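This one's a predicted model, so the numbers in the text were calculated from it and none came from an experiment. Just so it is clear: chains get the letters A, B, ... in the order the sequence lines come, proteins before strands, and each one is counted from 1.
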Amino acid sequence: MDLKRIRKANDKPLKMEGSYVLYWMQAYRRFDANFAFEYAVHLAKKFQKELIVYEGLRIDYPWSSERIHTFILDGIEDNQERAKELGVNYWSFVETKHNPAHGILKKICESAVCVVTDDFPCFIIPEQTANLAKKVNCSVFRVDSNSLVPIGFYGREASAARVLRIWMHKAFQKDWGDFAKEVWTKKDLEDTNKNSKPPFASGSISDLDLSKMQFKENVPPYGGKKGGRKEALRLLRVFIQDKLNEYLTKRSNPDDPKLTATSGLSPYLHFGFISVQEIVLEILKAHKLVSSIPERMKNQKPGDRENFLTPNPTLNHFFDELLTWREIGYLFFWEKPEFRKNLSHLPDWVQKNFAKHGNDKRPFLYTREDWESAKTHDPLWNAAQIELVKTGSMHNYMRMLWGKKVIEWSASYEEAFDTLEHLNNKYAYDGRNPNSYTGILWCFGLFDRPWFPERPVLGNLRYMSSDSTKKKFKLNSYLSYVDSLQGKSDTLFSK
DNA sequence: ATCGGCTCGCGCAA
DNA sequence: TGCGCGAAGCCGAT
């Protein structure tokens, strides 16, 4: 493992009288292909201590809902099963009204030699890790399982995708193959489990009554959506077999949602049910290309997106999305997770536009309630919003249009950002992720460039309109798909 | 259907 | 110092 993957979260010593090494599974909710788990195993063996894996789920995280909760719980069930197979001493804790989470993690840490956790630059994770690192009196390590290249390798922010693409290609030329252990076996983990009992009680997941939980938001799960690692691996197989070959042509077209050739893996990556490494390697295996990479990379011009990694442009295009475009968000927030909170870190040319156009008259003005209940004048915007609310996903082309219009039709840029953050984090399965934020910020010009002509509100930021979208795509099947979602009886829009 | 021009700032070659 | 070029667009000309 590249040591750049490990960052200390405090300067406290190892507590050698402790009885176990603790892996606090916060972001990457899996055992296989997980550098943090791997590092924790390594330390446990090195110190001849027990290994404990703790995965907790509280009720009070921001935008908490039954939708997000069930998705994570599916993952915990898969992890319980996998831990049993591997003989890992895995403690999962699901908070309920009568069994509060407060103080449990700290208590677990009291007997730890050290804590290993996931290094994830978004949502509550940086803050939670820093708080724990302050409170406990042992070392806390953060380990980066975010992507193939350690994010810390880059050392500075990339101003544009084309910059990061070159750096990443160079990294692969130098160091292809820094992979986390793909599949653990029981034998690998021998002697790491002394069956210590957790200092808390946690009931069985099947006994939970989610309808009685006090979530922050009232958002039901989407029927067609299952969480967890098994489902992630199944979707990957389906994608490789049935969709990947058409990725180039059928990705951005919202014509027929059933035929859209996207992987749908984004939420599974977000919760760590599957890793980027596994996706890349499984695709390469399916195309018998695994061993060709190091030799091929030697002859690549760094930054050549078309010819990157494989001789197949469709695969290369998908890899560019999965690697360059995913990683640029993780890098953007890496040292400064707080950059996600507002618009003040956008480039100068954007700031100039906003200074000039901030007081422009908005052609329409909507309130948070209008947005949320899809009550604008624009049927296409409403459809995109309904898709998000009902299914927890939004077509990737519609997502851009959706964001651009909220900017144009809100009283201020800041209000637009807050609306988009709220809607995305509340409803989307893949919200609360670095890429969700860069996706929103792209609508505000991040990683984009100016586009003429200058218009009200947006200035010379890239402009998008529903009329153009209708000309570009046949949207009948998209609109009827969204219609069919609305037909299903539930109470989301009737308050 | 396809094309060029619209604008800015970066990396890199010179 | 200058050149080339870039996630997804738009518009008007051909």
* Enumerate the residues from residues 437-449 of chain A whose closest heavy atom to DNA chain B is under 4.0 Å, giving them by residue number; use none for an empty result. => Arg449(A)
* Is the NZ or CZ atom of Arg67(A) positioned over Tyr222(A)'s six-membered ring, under 6.0 angstrom from the centre and within 45° of the axis? -> no
* Same-atom distance (C1') from dA7(C) to dC12(B), integer angstrom -> 23 Å
* **Paired and unpaired positions of DNA chain C as dot-bracket, Watson-Crick or G-U wobble under 3.5 Å, | denoting a partner strand** => ||||||..||||||
* Looking at the rings of Trp381(A) and Trp371(A), which for Trp means the six-membered one, are their centres under 6.0 Å apart? -> yes
* Asked: Can you tell me how far C1' in dT7(B) sits from the matching atom in dC11(C), rounded to whole Å?
  -> 16 Å
* Arg7(A) to Trp334(A), cation-pi by 6.0 Å centre distance and 45° axis angle -> yes
* Can you check whether Ser468(A) has a side-chain N or O nearer than 4.0 Å to OP1 or OP2 of dG9(C)? -> no
* Asked: Is Arg305(A) touching bases, backbone alone, or none of the nucleic acid, heavy atoms closer than 4.0 Å?
  -> sugar-phosphate
* Outermost nucleotides of DNA chain B that come under 4.0 Å of a non-hydrogen atom of chain A -> dC6(B) to dC12(B)
* When all nucleic acid strands are considered with a 4.0 Å heavy-atom cut-off, which category describes Met400(A): base, sugar-phosphate, or nothing? -> base
* **Aromatic Phe31(A) / basic Arg82(A) pairing, under 6.0 angstrom, 45° off normal** => no
